[in-house]
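Just follow the structure's listing: the first ligand is 1, and inside any ligand the first atom is 1. All of these numbers come straight from a predicted model, not from anything done at the bench.
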Amino acid sequence: MEEYQECNIMILLDGKKVALDVRNEISDQVSLLLKNGHKRPHLAAILVGNDGASQTYVNAKVKACKEVNFQSTLLRLDENITESDLLAEVERINDDSAIDGLIVQLPLPDHIDEKKVTQSISPSKDVDGFHPVNIGKMVLNLPSYVPATPAGIIEILRRYNINCSGKHCVVIGRSHIVGSPMSILMAKNSNPGNCTVTLVHSKTKRLHEITKMADILIVAIGKKNFVNEDMIKDGVCIIDVGINRVKSDKTKSGWKLIGDVDFDAVKNKCSYITPVPGGVGPMTIAMLLNNTLNSAKKEIY
Ligand code: NDP
């Protein structure tokens, strides 16, 4: 792909296409593993309860496994399951050498301590990259599973040859799954990386002044159309992580997804931008598959 040029001809960062490339590469790797007598990578997912959005996300992950020829196991548990029974299931999968990766779909019902469950997953199977051991290793630049959404953003920047070195990257949002790990990855001595990073959040004062200094702006707050043309400088590269569902009379379902960035307002000012949908979203599952492949290949642990 083209070398990143700072100009005002906006280029869409096509996450859908990059995700497809990543998945095809994973499929090829699976074929190679099988050819060499290894087993298929195996991802297990635990879904507790009947939350509609969670079911959709888990089903998409199971479907993606099939598409790259992974084995998958979906364990559906009753929403009233006790915390100790859920922990026992996690332990059972931790001990099952046929399973390479385990994800527990969040959120969990209120009576279950999410932190406790996340931390009970063996770090060597934690392909979501949420375990403190994996977060710590990521910070220390040791091999680890990197949370899928930030890993997907890095992959987009890498494949579009976006020159990040020495640039000012502003990350809006400090969640454990997106904003915080993103800020760490962008500051690393690596490519993509080597940015000067500012992490801002809801308590940040004069946010507009800071975002206007960004060469690369990564937005993960969950507020529709939050970033507008007055908050950015010419030529900025924008990564819009937000997924917000809004009513629409133009779609069959009556709903559509929009990002945290007002796309139409900024499109003539930025050099690169991820669309919503079709930008960061498709990369998240692709990188989860990639983490699972790395687990099967024993590349991390
Ligand atoms: P969280 O709700 O966990 O975190 C939101 C962050 O945004 C918080 O740090 C919060 O600050 C900050 N924030 C909220 N309002 C403002 C504001 N007005 N100004 C500055 N900062 C603000 O969200 P997530 O990180 O989980 O998700 C963010 C968005 O990304 C959501 O739309 C989500 O759906 C989407 N998402 C998309 C994924 C994908 O695959 N594309 C994957 C994961 C998430 P504070 O800490 O001070 O409260």
Counting from 1 in the order shown, the ligand 1 atoms closer than 4.0 Å to a non-hydrogen atom of Gly281 are 40 (O), 41 (N)

protein heavy-atom neighbour closest to atom 42 (C) of ligand 1 works out as Thr149 OG1, 3.3 Å

For atom 40 (O) of ligand 1, the closest protein heavy atom turns out to be Thr284 OG1, 2.7 Å

**Request:** Could you tell me whether a side-chain N or O of Ser54 sits under 3.5 Å from a main-chain N or O of Asn50, the two making a donor and an acceptor?
**Result:** no

Which atom pairs, donor and acceptor, lie under 3.5 Å between side-chain atoms of residues 106-115 and protein residues at least two apart or in another chain?
| residue | atom | partner | partner atom | Å |
| --- | --- | --- | --- | --- |
| His111 | NE2 | Ile81 | O | 2.7 |
| Asp113 | OD1 | Lys115 | N | 3.1 |
| Asp113 | OD1 | Lys116 | N | 3.4 |
| Glu114 | OE2 | Leu108 | N | 2.9 |

For Tyr145 and Tyr301, take the angle between the two ring planes, folded into 0 to 90°, and tell me which bin it lands in: parallel under 30, tilted 30 to 60, perpendicular over 60.
tilted

Item to check | Contact with ligand 1 for Thr204, non-hydrogen, under 4.0 angstrom | outcome: no

Candidates Ile221, Asn244, Val227; heavy atom nearest atom 5 (C) of ligand 1 found on Ile221

among protein heavy atoms, the one nearest atom 26 (O) of ligand 1 is Ile177 CD1, 3.7 Å

Is Leu207 in polar range of ligand 1, meaning some N or O pair under 3.5 Å apart? no

message = Test your reading of the model: is there a side-chain donor-acceptor pair from Lys125 to the backbone of Ile99, 3.5 Å cut-off?
response = yes

State if Gly179 counts as touching ligand 1 under the rule of any non-hydrogen atom under 4.0 Å.
no

Rounded to the nearest 0.5 Å, the CD1 atom of Ile172 sits from the OG atom of Ser202 at a distance of 12.0 Å

of all protein heavy atoms, closest to atom 47 (O) of ligand 1 is Ser202 OG, 2.5 Å

Short side-chain to backbone donor-acceptor contact, Asp260 and Asp240, under 3.5 Å: no

In terms of its nearest heavy atom to atom 8 (C) of ligand 1, the top option of Lys223, Arg174, Met283 is Arg174

Note: heavy atom closest to atom 31 (C) of ligand 1, options Gly222, Pro147, Ser175, belongs to Gly222

Under 4.0 Å between heavy atoms, the region of Val200 that gets near ligand 1 turns out to be neither

Donor-acceptor under 3.5 Å (Ser295 side chain, Asp100 main chain) = yes

At under 4.0 Å between heavy atoms, what of Ile243 touches ligand 1? The answer is both

Per-atom filter on ligand 1: closer than 4.0 angstrom to a heavy atom of Ile172 are 20 (C), 21 (N)

Closest to atom 19 (N) of ligand 1 among protein heavy atoms sits Phe226 CZ, 3.7 Å

- Side-chain donor or acceptor of Thr149 paired with backbone N/O of Thr284 under 3.5 Å: no

Can you tell me if Gln105 uses its side chain to pair, donor with acceptor, with the backbone of Gln55 under 3.5 Å?
-> no

Sorted by chain and number, sequence neighbours left out, side chain to side chain donor-acceptor pair (under 3.5 Å) with Lys233 holds for Asp215

Quick look: Val178 vs ligand 1, heavy-atom contacts under 4.0 Å, and the answer is side chain

At under 4.0 Å between heavy atoms, what of Val241 touches ligand 1? The answer is both

I'd like to know if the side chain of Asn94 and the backbone of Ser120 have a donor-acceptor N/O pair within less than 3.5 Å. yes

**Prompt:** Does atom 2 (O) of ligand 1 have any protein heavy atom closer than 4.0 Å?
**Reply:** no

